[in-house]
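Residue numbers begin at 1 in each chain, while the letters A, B, ... track the order of the sequences. Heavy atoms only: backbone and side chains are in, while hydrogens, waters and symmetry mates are out.
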Amino acid sequence: MSEKTTAAAMPPPADKPVVELIGVHKWFGAFHVLRDVNLTVRRGERIVIAGPSGGGKSTLIRCINAIERHQQGRIVVNGVELTSDLKRIDEVRREVGMVFQQFNLFPHLTVLENCTLAPIWVRKLPKAQAEELAMQYLKRVHIPEQAKKYPGQLSGGQQQRVAIARALCMNPKVMLFDEPTSALDPEMVKEVLDTMVELALDGTTMIVVSHEMGFARQVANRVVLMDEGQIVEANAPEEFFNHPQHERTKLFLSQILR
Amino acid sequence: MTGVAGERAYADLAFVQRAPIGALPPPLAMRGPWGWLRANLFSSAFNIVLTVVMLALIVWIGKSTIDFLFIDAVWVGHDRTACMASEQRPHVGACWPFVWERLNYFTYGSYPIPQRWRVDVFFAMLAIGVAWLLWLEAPRRDLGALYFFVVLPVCSFILLSGAPALGLETVDTSLWGGVLVTVVVSTVGIVVSLPLGIVLALGRRSRMPAVRLFSVIFIEFVRGVPLITVLFMASVMLPLFVPEDLTPDKLLRALIGIALFASAYMAEVVRAGLQAIPRGQYEAATALGLKFWPQMGLVILPQALRVTIPNIVNTTIGLFKDTTLVFIVGIFDLLRTIEVARIDPKWATPVTSPTGYAVAALFYWVFCYAMARYARHMELRLSAGQERR
C-alpha cells in the first residue's frame with residue numbers, strides 16, 4: 001500500500017460538509033491560540049494540517065470533538081453545532097473518532113476490550129456484536145492476532161494501530177489524528193502511515209495533524225499551514241508544495257524539505 | 001567462546017561484524033546461593049557488619065520470645081497457682097490455661113452463652129463472603145458481591161441483634177464484645193469507607209463548586225479531628241441533643257463515626273491515585289463518547305485503585321487497629337476484653353498480662369499481615385502482562 005498513489009486516484013469528495021469551522025477563536029487565559037479559523041471539510045475529504053509547534057494545530061482539532069472548548073465562532077459537526085448543551089457534545093463525540101500522539105490506550109484492558117468499550121457502553125451494542133465489529137477493524141489494521149494482549153505488550157506502531165481500530169469501532173463520520181506518528185520509533189512510522197493510507201483509500205474523512213509531508217502529498221485533498229493560531233495557507237498538495245504563495249509557507253517548506 | 005581467534009573486533013577504524021556474539025552465562029560469583037549471599041548480605045564492609053548485628057539481634061529476640069511462648073510456658077492449670085514462679089520453677093513463661101479459659105470471653109464478650117451459636121454462624125457467613133469476594137477466580141462473583149453487600153449485612157443484623165418474630169431473642173449491643181465487636185466494627189468501617197471515600201475523592205475533583213466545596217469541607221473537617229473526639233461526640237454529645245428514645249444504639253453510633261472518619265482518609269488516598277492517571281486517559285475516554293460515570297468506572301478508577309492499592313491497604317490496616325479505640329466509649333472490643341480478663345484476681349500473676357497482650361498482638365498481626373499479603377498478591381496479579389507505558 002505504500003506505492004505512490006496520487007490524490008486523483010482516490011474517490012472524489014462528496015459535496016457535503018462534515019466539519020464546518022466558522023470564525024473560531026480560542027484563548028488559553030490571555031493567550032489567543034486560535035484566531036478566526038475558517039475551515040470546511042466535506043465528506044470523504046482528507047485534510048493535513050501542518051505547521052510549527054505551538055501554532056494551534058492540535059488545539060484546533062481538539063476543539064472539533066470539544067475536548068477543548070472554543071470561545072467564539074461556530075463549530076458544526078455532521079450538522080450539529082457545538083454549544084454548551086451537553087447532549088450535543090455527546091452527539092458530536094459519538095460521530096468523531098480521535099487518534100492521539102501518545103496512543104492513550106487503556107492499559108488495564110486487553111486490545112479487544114479497548115475496542116469494544118465504547119461500542120458497548122456508548123452505542124449499547126451487545127457484547128458479541130461489539131467483539132465481532134472490533135475483530136473486523138483489528139483485521140483492517142492488520143493485528144487481529146494481538147486481540148487478547150494488553151497494550152503494554154505491543155510495540156508503539158501496533159499500539160497506534162489499535163488506537164485507530166478503537167476509534168473506527170464507533171463508525172465515526174470523521175477521524176481526527178493528532179500527530180499520530182510523532183511518538184513512534186522511525187521503524188514503526190511506516191506501518192501506521194500505511195494503515196492511514198488504506199483508510200484514506202476507503203474514503204474515510206480525515207483531519208490529520210502531521211509533519212509527514214510524504215503522507216500529505218500522497219493522500220491529502222488539501223494541506224493547511226497553521227502558524228500563530230491562524231490558517232496561513234490552504235491548498236491542494238500539488239500547489240501547496242510546488243507553488244506556495246505565502247512567505248511563511250515558503251519558509252516552512254524550505255525548513256522541512258531540505 | 002566468542003568468535004574465532006583473529007576475528008576479534010577492533011572498531012577503531014572501519015569495522016563490520018562477521019559473526020554474532022551469543023549470550024554467555026554470568027560469572028560464577030554472580031550465580032547460585034553464594035552469589036545471592038554476596039549480592040544481598042555481604043556486598044560491602046558496612047553490609048557485613050549490618051548482617052552480623054541483625055543476625056545477633058534476631059537470635060537474641062527470637063530466643064527470648066520462643067522461651068516465653070513455648071519453652072517456659074505453662075500449658076495446664078486451673079487458676080493462678082499454676083502460673084506462679086516457684087522454687088522448682090524459677091522461670092515462668094506464658095500462662096496458657098488463662099487464655100484457654102477466657103477464649104470464649106475474648107471471642108464473644110458477654111454475648112449470652114446459649115445464643116453464641118448465632119455469632120458462630122455470623123463468623124462463618126462473613127468468612128464465606130470475604131473469600132467469595134477476594135478469590136478472583138471464584139464462580140459467580142456477581143452473586144458474591146450481592147451476597148456480601150446485601151444479604152450478609154441484613155442477615156448479620158437480624159442474627160446478631162435478634163428478631164423476636166423469628167424466635168431469635170434480642171441481644172443488646174452492650175453485651176457484644178471481643179473478636180465479634182472488633183470484626184463488626186472493622187468490617188463495617190472498611191466496607192463503608194472505600195465506596196464513600198471514592199465518592200468523596202471524585203467530589204473533591206468535581207467541576208461542580210457545591211459538590212467540591214462539600215467534599216473539601218467534609219474531608220478537611222474529619223481529618224482535622226482525632227478519632228477519639230469523633231467517638232466521644234458520637235457517644236456522649238449526640239444523646240444531649242437528641243431525645244433518649246430517638247438516639248441510635250451506642251455501637252451503631254461508634255460504627256457511623258468510624259466509617260465516616262475512615263472515608264475521609266480513604267478519599268485522600270483515592271484522590272492521589274486519580275491524580276496519577278495521565279490526562280490522556282481522560283481525553284481518550286472522553287473522545288470515545290464515554291460519559292462521566294462510565295468513564296470513571298471503566299477507565300479511570302480501575303487504574304487509579306490499582307496504583308493506590310498499597311495506600312488503600314495501609315489505611316485499611318490502620319483502621320483495623322484504630323478500632324481498639326472504641327473501648328474509650330465503653331465498647332468491649334477484643335483488646336478491652338483482654339484488658340478486663342487480665343486483672344481478674346483468679347488469674348493474677350506477673351505473666352498474665354504479657355500473655356494476654358501476646359494473644360492480642362498475635363490476633364492483630366495475623367489479620368494485618370494477611371491483608372498486606374493479599375494486597376501484594378493483587379498488585380502482582382494486576383501488573384502481570386500489563387506494565388504501564
Side-chain angles (χ1 to χ4, degrees), chain A residues 58 61-62 64-68 86-87 89-111 113-124 148-156 159-160 162-163 166-172 175-178 183, chain B residues 136-137 140-142 198 202 205-211 270 272-312 375 377-389:
Chain A
S58 292
I61 66 164
R62 288 155 65 89
I64 295 172
N65 62 357
I67 286 186
E68 302 280 1
L86 290 176
K87 276 212 176 100
I89 293 178
D90 287 332
E91 204 175 324
V92 165
R93 283 179 182 153
R94 277 200 295 275
E95 304 302 336
V96 178
M98 188 159 194
V99 174
F100 299 84
Q101 182 177 357
Q102 300 294 342
F103 330 137
N104 294 349
L105 294 177
F106 305 132
H108 62 301
L109 300 178
T110 63
V111 164
E113 288 165 343
N114 263 279
C115 292
T116 55
L117 190 72
I120 290 173
W121 290 89
V122 181
R123 290 252 190 259
K124 312 286 181 204
K148 296 290 174 205
K149 288 194 185 166
Y150 286 95
Q153 297 167 300
L154 305 185
S155 72
Q159 290 195 40
Q160 192 60 298
V162 172
R166 177 175 75 175
L168 288 173
C169 282
M170 289 292 283
N171 285 320
M175 285 282 283
L176 309 175
F177 292 84
D178 188 359
Chain B
L136 300 178
E137 281 88 26
R140 296 308 303 267
R141 297 190 69 224
D142 49 341
I198 290 173
L202 292 176
R205 288 164 58 90
S206 167
R207 285 208 196 98
M208 286 175 276
V211 175
V270 173
L274 290 174
Q275 271 165 348
I277 304 303
R279 230 179 63 172
Q281 293 289 310
Y282 294 89
E283 287 174 355
T286 307
L288 284 172
L290 290 170
K291 292 175 192 166
F292 180 78
W293 286 109
Q295 190 176 121
M296 289 301 145
L298 300 166
V299 177
I300 305 301
L301 281 174
Q303 296 184 61
L305 294 181
R306 168 151 60 100
V307 297
T308 193
I309 282 176
N311 297 330
I312 290 177
H377 161 75
M378 279 285 281
E379 268 178 77
L380 289 177
R381 199 189 128 95
L382 287 172
S383 63
Q386 37 172 320
E387 302 81 38
R388 302 181 71 79
R389 276 174 284 116

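- The distance from the CG atom of A:L109 to the CD atom of B:Q303 is 7.5 Å, given to the nearest 0.5 Å.
- Here A:E68 contributes atom CD and B:E283 contributes atom CD; the two are 7.0 Å apart, rounded to the nearest 0.5 Å.
- Distance check, rounded to the nearest 0.5 Å: CH2 of A:W121 to CD of B:Q295 gives 13.5 Å.
- When every heavy atom of A:R93 is checked against every heavy atom of B:G289, the shortest pair comes out as CB-CA, 4.1 Å.
- Atom CD1 of B:I300 and atom NE2 of A:H108 lie 8.0 Å apart (nearest 0.5 Å).
- Remark: the backbone N or O of B:A287 is not paired with any side-chain donor or acceptor of A:N65 at under 3.5 angstrom.
- Rounding to the nearest 0.5 Å gives a distance of 6.5 Å between CG of B:L288 and CE of A:M170.
- Of the two parts of A:R123, neither the backbone nor the side chain holds a non-hydrogen atom closer than 4.5 Å to a non-hydrogen atom of chain B.
- A:F106 touches chain B through backbone and side chain together, each having a heavy atom under 4.5 Å away.
- When all heavy atoms are compared, the tightest approach of A:L105 to B:Q281 is O-NE2, 2.8 Å.
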